[in-house]
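The figures here come from the full heavy-atom set of this structure, side chains too, leaving out hydrogens, waters and symmetry mates.
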Amino acid sequence: MFRKSDNNDNMKINILAFGVAKDILGSANFEMEVKPKLTIDELKAQFLAKNPDFSKLNSILLAINSEYSIPGQVLKENDEVALIPPVSGG
Amino acid sequence: MFRKSDNNDNMKINILAFGVAKDILGSANFEMEVKPKLTIDELKAQFLAKNPDFSKLNSILLAINSEYSIPGQVLKENDEVALIPPVSGG
Amino acid sequence: MFDLKISDQPLNPQDCLDFVNHESTGASTVFIGRVRNQSKGKKVLRLEFEAYEKMALKEMEKIAEKAKEKWPIAKLAFHHRTGITLLGDIAVIIALSTPHRKEGFRACEYCIDALKETVPIWKKEIFENGEEWVSATP
Amino acid sequence: MFDLKISDQPLNPQDCLDFVNHESTGASTVFIGRVRNQSKGKKVLRLEFEAYEKMALKEMEKIAEKAKEKWPIAKLAFHHRTGITLLGDIAVIIALSTPHRKEGFRACEYCIDALKETVPIWKKEIFENGEEWVSATP
């Protein structure tokens with residue numbers, strides 16, 4: 001609240017979590033405020049740092065706006081980011 | 001009719017013809033009198049000699065009592081012999 | 001274990017699926033062969049299937065037995081049509097259930113390939129001007 | 001061309017077969033995956049499927065497009081179930097029609113293999129004493 005101008009630069013993204021990722025985060029769907037031009041790799045690193053259980057998984061991929069992200073991809077305001085643990089359809 | 005004793009030794013077999021073999025023989029099902037202990041190879045040779053159209057086919061196999069015959073197999077009284085042109089099911 | 005059938009009535013895939021459904025097997029693989037509207041560029045009006053039924057059922061059973069030796073098949077349905085069939089009609093259904101999918105595809109393909117090699121069933125194609133027993137001549 | 005569906009209602013193989021039936025194609029190949037009663041020796045009471053539906057449909061379409069690039073597929077139906085499923089329920093159906101059978105088996109196997117690699121759908125196995133997201137952990 002003191003660094004209001006900084007906060008104003010931040011952007012809002014929407015997080016979706018599925019399967020075991022939802023269990024780890026305790027929530028399926030929430031908003032997050034992140035710094036501008038955050039890359040998907042940085043976001044993933046944040047999640048891993050805050051939730052050590054993610055590193056027990058076989059993999060955790062991130063999708064942006066329902067497409068698998070590519071390394072270095074930069075996030076934009078209102079992006080929908082999904083946490084994709086190992087899929088097991090079929 | 002003069003060689004009655006010979007004829008009495010002959011045996012009766014039943015012939016089934018399918019697909020193009022039926023068209024060639026003009027009949028699907030008929031009896032035939034053959035000499036005792038005739039082999040399937042001899043019977044096949046008789047059919048080929050009497051019906052040259054059989055040699056135009058990709059193949060013609062003979063079955064005895066609804067099993068594919070094996071070379072040299074000897075026929076018995078009342079055997080059911082089927083003429084099997086190239087199969088094309090499915 | 002096996003549901004083998006030759007019929008001059010329309011074949012029903014759901015019957016085959018119901019037969020092969022089995023609690024310990026997760027994968028059902030199905031092949032359905034239908035009457036096509038052309039053969040070698042010529043328009044087909046209809047197909048007529050003829051079977052040496054007694055022997056065809058024996059050969060179908062041999063194929064099923066061999067497939068079961070090679071792959072862990074729980075149940076297998078093998079139905080073939082005879083008589084007059086029109087465009088889109090089902091000529092053959094092979095359905096089988098296996099614990100896993102890879103063996104299911106292999107087994108199903110084996111059965112349809114083997115059918116075309118050994119089962120005494122013949123197909124006559126009726127064209128607008130003529131007819132022909134399939135595969136009979138070169 | 002493609003019939004892609006994710007549904008929490010029972011899937012119907014006949015719907016898929018009807019969709020893929022196409023006059024110029026003789027071969028329909030179908031794979032059906034069902035809920036099994038055991039996993040790694042443990043009795044499964046039920047499965048729960050969760051999908052990221054929007055993305056799952058996109059990924060299913062990508063798989064269908066790629067399969068169509070590789071093989072001459074006329075029509076393809078790709079249905080996946082979500083929600084609570086019991087023993088014997090259908091989890092997935094892939095049905096496709098091709099001119100000939102060999103390409104049908106290859107294409108169908110490709111689709112189910114690819115589904116298991118990339119489509120964001122998750123399966124939770126519920127056992128008598130516990131539950132587990134399949135493949136999540138080593």
Contact list (residues 109-138 of chain C to chain D, heavy-atom gap under 4.5 Å, by number) returns C:Glu109, C:Ile112, C:Asp113, C:Lys116
With side chain to side chain contact (heavy atoms under 4.5 Å, CB included) as the test, would you mind laying out the steps for D:His22 and C:Arg36 before giving the verdict?
CA-CA 9 Å; D:His22 182 264; C:Arg36 296 174 67 191; over 6 Å; no
Step through the shown structure and confirm whether more than 12 heavy atoms of other residues, nucleotides or ligands are within 6.0 Å of NZ on D:Lys62.
yes
Measure the spacing between CD1 of D:Ile90 and CG of C:Asn21 and express it to the nearest 0.5 Å.
7.5 Å
Counting only non-hydrogen atoms closer than 4.5 Å, does D:Thr25 touch chain C with its backbone (N, CA, C, O), its side chain (CB onward), both, or neither?
backbone
Let me confirm one number: the CZ-OG distance from C:Phe31 to D:Ser28, rounded to the nearest 0.5 Å.
7.5 Å
Between C:Ala91, C:Pro99, C:Ser97, the one whose heavy-atom pairs under 4.5 Å with chain D are most numerous
C:Pro99
Nearest heavy-atom approach of C:Leu17 to D:Pro13 is CD1-CB, 3.5 Å
